[in-house]
Each structure stands twice: as structure tokens, then as C-alpha cells.
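Remarks on the structure that follows.
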Amino acid sequence: MSSDITLYWGSGSVPCWRPMICLEEKGLSGYNSKLVSFEKKEHKSDEIMKINPRGQVPTFKHGDVVVNESMAICLYLENTFKNQGTKLLPDDPSQQALVLQRFMETQNIMDKNNALVYYKFRTKQEDWDQGFIAEKSKALAEELPLWEKYLSQGGEGSFIAGKDFTLADAALIPALAYLVRMKLPMKERFPHLASYYERMKDRPSVQSGWPPHWKDTPGYDYLKDV
């Protein structure tokens, strides 16, 4: 069933990691996994540009169906393979709405993270605008307590949208892993998030998409002061 599924992805990309988790949770581990090199600009190759004119990954094919946005891929997988593997979207309308809200909300974490991390990465340290950094650090620091509260309300051992693993978790875990790699002091500042991350990071579906280059290279300390 998974042999006609192909996912083009890049190591360390949070958007790529999301559908990788969903593929594993749906029992589709035999899919065609095509790792591309950002450094070599393989995401701009003719092979990818033919099916994704934006030249981005993840790029996904299932037979003749092409889906090129990570959250759309996740929703497609749940809807297409609804009756197999982990149920990632509940049937109850109110609970489904909560899962979809949390699922979409995770992009706020990445948008605020990226504004800070990419600036530091692309700008020489001696040229850093400390006012800009303080502004972006504050925005991320104000975002994370919302997630801390969500988990505290759920109770011990809960997932981000209730008692079950859902699309929302598939989107949140890679985001948290990225923050940890950038040396966010999560354990000291956000204990519920830290506990959740520790429980989730060894889940087989999460490990299946763990960025290969993270295993033998250190991250940056760009978030140590957030």
C-alpha cells in the first residue's frame, strides 16, 4: 500500500518531519523516502520542480496525487488512511476542532522561532541588532507559556489536545525538538513542555524522522536567553 507513496524531505526541516511522523503512525513505513540536500540545492532540482513549482520540501506523491504543504499532507494521510494505524483526528466535532486548532497553532511557534534563529544564523554576530533580537526573543517567550498552560490543563501524561496522540502532536513535537536543539532552557522555564517532550521524543514515529545530521552535530545556542 505504501509502495506508491513518495516523500521528498530535508534533514532538520520541521515541516518535513510532520508528515514523516504521520506516515509512521498510519503504518506506512514502507514509503519511498527521498532525502534531498539543501546545501546542494536539490530541492530546486528538475525532479522536484516538476511536481512542486515552489521548489520546496516536503513534496509528496501518492499515485497521481501530489500534495506539497506539510499540514495538507498530514490531513491527506489521515483522511485517506482513516481506518488504519493511529487515528489522528477524532470524529467528535468539538474535539476535532480542538485538535485542528492546536495543529494549526504550532505554526506560531515556528514563525516566532524562525524570525529569531534565521536572523542570528544569517547575520554576523558583530552586526546583530540587539533591539531586534530582544523584540523577537520576547515574542517567542510570550508564545511558549500558552503551550505550557495547555499541557498543565490536560493533566499528567496528556497529549497536547487530550488523551490521545493526534495531528497536533505530530506538528508540535518537531517544533519542540528544534527549540531544544537551539538550546532553549525548556526544563528550567517550561516544565510541562519539557516533560511532554521527554515522553514524546522516543516515540517510534518521532524517532523515524529524527534528522540524521542532528545525531552527530551540535545545535546552536541561539535560544539560550529566551
Side-chain angles (χ1 to χ4, degrees), residues 1-38 43 48 51-52 56-63 65-91 95-96 98-100 102-107 109-110 147 151 157-181 193 195-216:
M1 184 181 295
S2 57
S3 61
D4 60 348
I5 292 176
T6 299
L7 180 73
Y8 297 84
W9 60 282
S11 181
S13 163
V14 168
C16 291
W17 202 347
R18 296 165 182 159
M20 295 174 83
I21 291 174
C22 292
L23 281 160
E24 295 294 327
E25 292 288 341
K26 301 308 289 185
L28 299 167
S29 58
Y31 68 94
N32 300 303
S33 172
K34 294 200 173 186
L35 174 61
V36 303
S37 168
F38 292 124
H43 54 300
I48 291 180
I51 55 176
N52 187 350
Q56 298 172 341
V57 288
T59 290
F60 171 91
K61 284 189 69 179
H62 177 209
V65 176
V66 175
V67 189
N68 289 322
E69 292 293 330
S70 68
M71 290 184 168
I73 296 168
C74 293
L75 284 164
Y76 174 84
L77 288 168
E78 172 58 18
N79 289 329
T80 304
F81 302 98
K82 185 180 292 290
N83 297 320
Q84 77 175 61
T86 306
K87 188 175 182 61
L88 297 173
L89 194 60
D91 292 325
Q95 188 61 23
Q96 184 177 116
L98 177 61
V99 169
L100 289 173
R102 295 283 184 270
F103 181 51
M104 303 299 180
E105 274 186 288
T106 58
Q107 193 58 41
I109 298 176
M110 291 314 301
W147 297 89
L151 286 167
S158 69
F159 295 95
I160 196 58
K163 62 183 180 61
D164 298 313
F165 185 96
T166 66
L167 290 173
D169 299 286
L172 177 59
I173 295 162
L176 295 183
Y178 193 91
L179 298 184
V180 170
R181 182 168 170 80
L193 277 171
S195 175
Y196 168 85
Y197 173 71
E198 288 300 316
R199 286 189 288 115
M200 294 294 104
K201 67 183 179 65
D202 293 324
R203 190 176 176 97
S205 63
V206 175
Q207 282 296 310
S208 73
W210 202 271
H213 77 279
W214 284 16
K215 296 177 181 179
D216 53 15

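Starting from 1, each residue takes its place in the sequence as its number. All heavy atoms count here, side chains included; hydrogens, waters and symmetry mates do not.
For Trp17, the side chain to side chain donor-acceptor pair (under 3.5 Å) test picks out no residue, with sequence neighbours left out. For Phe60, the ring-ring contact (aromatic ring centres under 6.0 Å, His included) partners at least two apart in sequence or on another chain are Tyr76. Every salt bridge (Lys or Arg N to Asp or Glu O under 4.0 Å) that Glu78 has, sequence neighbours left out, goes to Lys26. Taking Tyr197 as the reference, nothing meets the side chain to side chain donor-acceptor pair (under 3.5 Å) condition, with sequence neighbours excluded. In this structure His43 satisfies the side chain to side chain donor-acceptor pair (under 3.5 Å) test with no other residue, sequence neighbours excluded. Taking Ser158 as the reference, nothing meets the side chain to side chain donor-acceptor pair (under 3.5 Å) condition, with sequence neighbours excluded. Under the salt bridge (Lys or Arg N to Asp or Glu O under 4.0 Å) criterion, Asp91 pairs with Lys87, sequence neighbours left out. A search for salt bridge (Lys or Arg N to Asp or Glu O under 4.0 Å) contacts involving Arg199 returns nothing, not counting sequence neighbours. Residues meeting the salt bridge (Lys or Arg N to Asp or Glu O under 4.0 Å) test with Glu105, sequence neighbours left out: Arg102. Under the side chain to side chain contact (heavy atoms under 4.5 Å, CB included) criterion, Ser37 pairs with Glu39, Lys40, Glu42, sequence neighbours left out.
Side-chain contact between Val36 and Thr59 is absent, with no heavy atoms from C-beta onward closer than 4.5 Å. You'll find the side chain of Tyr31 stays beyond 4.5 Å of the side chain of His62, heavy atoms only. Between Ile160 and Trp147 there is a side-chain heavy-atom pair separated by less than 4.5 Å. Counting only heavy atoms from C-beta outward, the side chains of Leu28 and Gln84 approach each other to under 4.5 Å.
Taking CD of Glu198 as the start and CG of Leu176 as the end, the distance is 11.0 Å to the nearest 0.5 Å. Within the model, atoms CD of Gln56 and CZ of Phe38 stand 9.5 Å from one another, a figure rounded to the nearest 0.5 Å. Taking CG of Leu77 as the start and CG of Leu89 as the end, the distance is 12.5 Å to the nearest 0.5 Å. To the nearest 0.5 Å, atoms CG (Leu88) and CZ (Phe81) are separated by 12.5 Å. For the atom pair CG of Leu7 and CG of Leu23, the computed distance is 6.0 Å after rounding to the nearest 0.5 Å. Interatomic distance, Gln207 CD to Asp202 CG, rounded to the nearest 0.5 Å: 5.5 Å.
Of all non-hydrogen atoms in Thr166 and Ala161, the two that sit nearest each other are OG1-CB, 4.3 Å. Contact detail for Ile109 and Ala175: the closest heavy-atom pair is CG2-CB, 4.3 Å. Here the closest heavy-atom approach between residue Ala168 and residue Val99 is recorded as CB-O, 3.7 Å. Listed here is the closest heavy atom pair of Gln95 and Pro90: CG-CG, 3.5 Å. Of all heavy-atom pairs between Pro174 and Ala171, the closest is CD-O, 3.6 Å. Taking all atoms of both residues into account, the shortest heavy-atom contact from Pro15 to Pro58 is O-CG, 3.7 Å.
Under the salt bridge (charged side-chain N to carboxylate O under 4.0 Å, His left out) criterion, no residue pair touches residues 157-171, with sequence neighbours excluded.
Residues Arg203 and Glu24 are not paired through a salt bridge, judged by the lack of any N-O separation under 4.0 Å between the basic side chain and the carboxylate.
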Residues 66-75 side chain polar contacts: donor-acceptor under 3.5 Å, at least two apart:
from: Asn68; atom 1: ND2; to: Ile51; atom 2: O; distance (Å): 2.8
from: Ser70; atom 1: OG; to: Arg18; atom 2: NH1; distance (Å): 2.8

